Every structure is written in C-alpha cells, then in structure tokens.
Amino acid sequence: MRRAILFPKVVAERRMRVYETFTVHFQRAAREVAQLDGDPSLASVYVSRSTWDRWMAGEIKGLPRHPTCRVLEHLLGKSAERLFGPAEPDPGGRTGPEPALRGVEGPHVAALESFRLADRQLGGGHVYRSVVHYLTTVVAPGLFGSTESGEDGEGVFGAAVVLTEMAAWMAHDAGRDDLASGHFDRALRLAQSLTDVTAGANVLAGMSHLALQTQQVDIAADLARSGLARLSAGPRVPALSARLHAMEARALARRDEGRGARQALDSAREALSLAASVPMSPWVAPFDEAALASEAASALLDLGTLDAAADEATRALALRDASRVRSRAFGQVTLARVLLAQEHVDAACQVGVELLTAGQSVTSLRLSSQLALLQSDFGLHRQVPEVRDLLSRMAEAARHRRLLLGSLTLPEGPQ
C-alpha cells in the first residue's frame, strides 16, 4: 500500500531525485560510514533500482535493514524512522504542488523536476534510461488503472505526455533522432487524451525544433504554426506561444525570409512579456527571456544581422544561470560564431576558452556536433597564434568527449 513518506521529499531537496545521482552519493556515504564505524562491510551496502522505486512510491512495509539505514542517516541527516515516516506539510500549511505544476500528480512533479535538472547539468544521455524506466514502471500502469489507484486520469496522462516528450529531447541530445522522433509521435498521440490542448501544442514545439535540427525547415515552420493554431482554441499560454513563434522565426530565417522572421520574433517577445501574468501550465516546458534571446541570436545570425545577433547572444548568456551548463554552452557556441563572422577573432577565442572550461562536464552529442562546426569556423583563422592554441585544446577536448559519449550509447530499436 502506498503512503506519503518523507524520503522522496528529502532526496528531492538534495537534488538526488534521479536514481543514478542518488547512487553516486549513497556509495560515497557508504564508504565514509565504513571508515567511521570501522566496519568494512558497510562500504558494500547497495540500494537496488527496484528498492529505490518502492521508496519513491511510498510502498513501505517496514524500515530497511540496519546497514542501509545507517548509510541513509549519514547521507541525509535524518533518522530512518523519520525518513520513512509521514511526509511533513510544506511551510504555511500548503501541501499541493507548485502553481507552475498544479494538476500533475505530486510524485510525477518531483520526478519531472529531478529529471529536468539532471538533464540540464549532465546532458540527456545520462538520464534517458531513467526517464524511460520511470515511464514504463511508474507512469504506464497508471494510464490503465488511474481510477483504481486513485490517481487523476488527466494528471497521469499529462505526466506521460511531458515525460515522453522529455525522453524525445534526451534522445535527440544523445544523437538518436530516430528515437526522438518516435517519442515525439507517441507524446502527440497521448496528448489527444487530454482536454487541455496545451500539451499537444508543447509537443509540436519540440517537433518543430527537431525538424529544424534535421534540416527539415519547411516542416519546422509548419509544425510551429500548427502549435499556434492549437493554442488559439485553448487557454492563453504566453510562454508556449513565445516558444512557437521563436521556432517559426528560426525556420523562416533559415529560408532567408527576413521580414517574416523578424515579425515572428516580435510576436515571441510580445507573448513572453505577458508570461508573468498567467500561471504556467503543467504541460509546458520552461521558456524564458534567456531562451528567447538564444533563439533570436541564432535566427539573426542566419539572416546575417550580426550586430543584433551579438547583442542577443550576449544577453542570453547574461540571463542564463551558471547552473544551466548545457544551455550556456550552446549560447557560447552561438556567440563565438557571431564574433567570428564579425572578424572579432580575439573575442571569439576568449569565448571559446570559456566554453571548453565550463562545458567539459556535459555529455551531449548535439553539443559535440556544434563544437565540431565551431572548430571548423576557427580553422579559417588558423594563422592567428591564439586560434592555433585554441584549436589544439578543442581537438583534445573532442577526444575526451568521444570517450565519454562512447559509454552513453542508447539502445537500438523503438523505446
């Protein structure tokens, strides 16, 4: 029988909501406890995936074995009785989810945020399997038994849509666009089960982005417009409208339709200016001023409007928090490309050095591909000593990244 316990809340607060992240910290804590207690056997204490899933779902019959409790108490700073006891209410008596995610079942909200955080910091290849596992073992049963389990059907289907779309993004980030396309198609079908059209429009925004990345520019524009058409029949969702307008602008810029692209960017800015006044939909991926500035920079670079592109790229980096390592890395790639196009080689080199330093922890094939293209751009200025030094560092970083990416190969076949 499931019940609300404190453990999921504590690990979420400590940013260990993903099983792989928790395991790294737990094993370190086990070694520390073994040394503190003088008991080498404690170093081998392990939490299996199935046990983790039961804990996160609140399926607790009793306390774990004593060695496991000892490590958990050392790691999380609370007694095992408290960790596996009733969950505490939030401050001020509020027990529901954050307004931005209201309507999605509580356990799924925590999973969404945890997966999203790990993806931003590490790259999708690290988290993809965890998302698929969560979908198949936790969310999927609720799709067919939400009434019996007491779960709200709209919430369960909404979580399925969001997590399936998230899996698509992660597969794309890991270079598996075939998997990504399948996940996006499945997410769009699942979205048909929701009364809120927002979920489907959000999926269409992701599909437009994927089409753009795979050079299907006309399809990208059509998908963005389809998303906007869906939103016109539902509630106002300014952030998603802004994202869809930005995707349309990117596609039009690729087609060298400058006037249409600028109009779409203006529409995106106008929509995003209203975002603060409207509660965020639970089905919508985050899209903020930094994201819009980044998309605008790419569109303006494609149009050859270099000064405006440089301004937008610089603004995107200024707005983006340092914890968003991958997002900042893509922004730095764009800024470096703009600076090279402006013949500001020294400034581009400085950005390149910062990029290599900060982005080395992100295992993203998509980022690696962008870095390879940037390396080619820098190669045109090889006569500059600073560029030759940077190219050497980029080549070494590329070798290191290939080794990391080799261990993150995603499974073949549909997921």
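All values reported here derive from a predicted model rather than from experimental measurement.
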Check against side chain to side chain contact (heavy atoms under 4.5 Å, CB included), Leu390 and Leu356: CA-CA 9 Å; Leu390 177 60; Leu356 292 181; 3.8 Å; yes
Taking atom [atom1] of [X] and atom [atom2] of [Y], what is their separation to the nearest 0.5 Å?
X	Y	atom1	atom2	answer
Glu165	Leu204	CD	CG	10.0 Å
Phe7	Arg54	CZ	CZ	12.0 Å
Leu371	Leu355	CG	CG	5.0 Å
Leu292	Ser273	CG	OG	10.5 Å
Phe287	Leu244	CZ	CG	9.0 Å
Gln332	Glu354	CD	CD	6.0 Å

Should [X] and [Y] count as an ion pair when the cut-off is N to O under 4.0 Å?
X	Y	value
Arg225	Glu248	yes
Asp173	Arg326	yes
Asp288	Arg320	yes
Glu396	Arg393	no
Arg269	Glu295	no

Checking [X] side chain against [Y] main chain: does a donor-acceptor pair fall under 3.5 Å?
X	Y	answer
Thr214	Leu210	yes
Ser294	Ala290	no
Asp302	Arg250	no
Ser376	Ala372	yes
Thr21	Met16	no

Tell me whether [X] at atom [atom1] has more than 12 heavy atoms from other residues, nucleotides or ligands lying less than 6.0 Å away.
X	atom1	answer
Glu270	CD	no
Glu13	CD	yes
Arg328	CZ	yes

Using the six-membered ring wherever Trp is involved, compare the ring planes of His209 and Trp169 and label them parallel, tilted or perpendicular (cut-offs 30° and 60°). tilted
Geometric class of the Trp52/Phe22 ring pair [parallel <30°, tilted 30-60°, perpendicular >60°]: tilted
Could you walk me through whether Arg14 and Val10 pass the side chain to side chain contact (heavy atoms under 4.5 Å, CB included) check? CA-CA 6 Å; Arg14 287 161 174 74; Val10 174; 3.1 Å; yes
Would you name the heavy atoms of [X] and [Y] that are closest together and state the gap between them?
X	Y	result
Ala174	Leu365	O-CD2, 3.4 Å
Leu240	Ala205	CD1-CB, 4.2 Å
Ser298	Thr334	OG-OG1, 3.9 Å
Ile219	Ala211	CG2-CB, 4.1 Å
Thr164	His183	CG2-O, 3.2 Å
Pro67	Leu42	CB-CD2, 3.7 Å

Yes or no on side chain to side chain contact (heavy atoms under 4.5 Å, CB included) for Met207 and Asp185, after CA distance, side-chain angles and deciding distance? CA-CA 9 Å; Met207 295 174 75; Asp185 289 343; 3.5 Å; yes
Between Gln213 and Asp177, does any side-chain donor sit less than 3.5 Å from a side-chain acceptor? no
Quick check: do Val351 and Leu317 have side-chain heavy atoms less than 4.5 Å from each other? no
Pair Asp53, His133 - check side chain to side chain contact (heavy atoms under 4.5 Å, CB included), show working. CA-CA 10 Å; Asp53 289 340; His133 179 82; 2.9 Å; yes
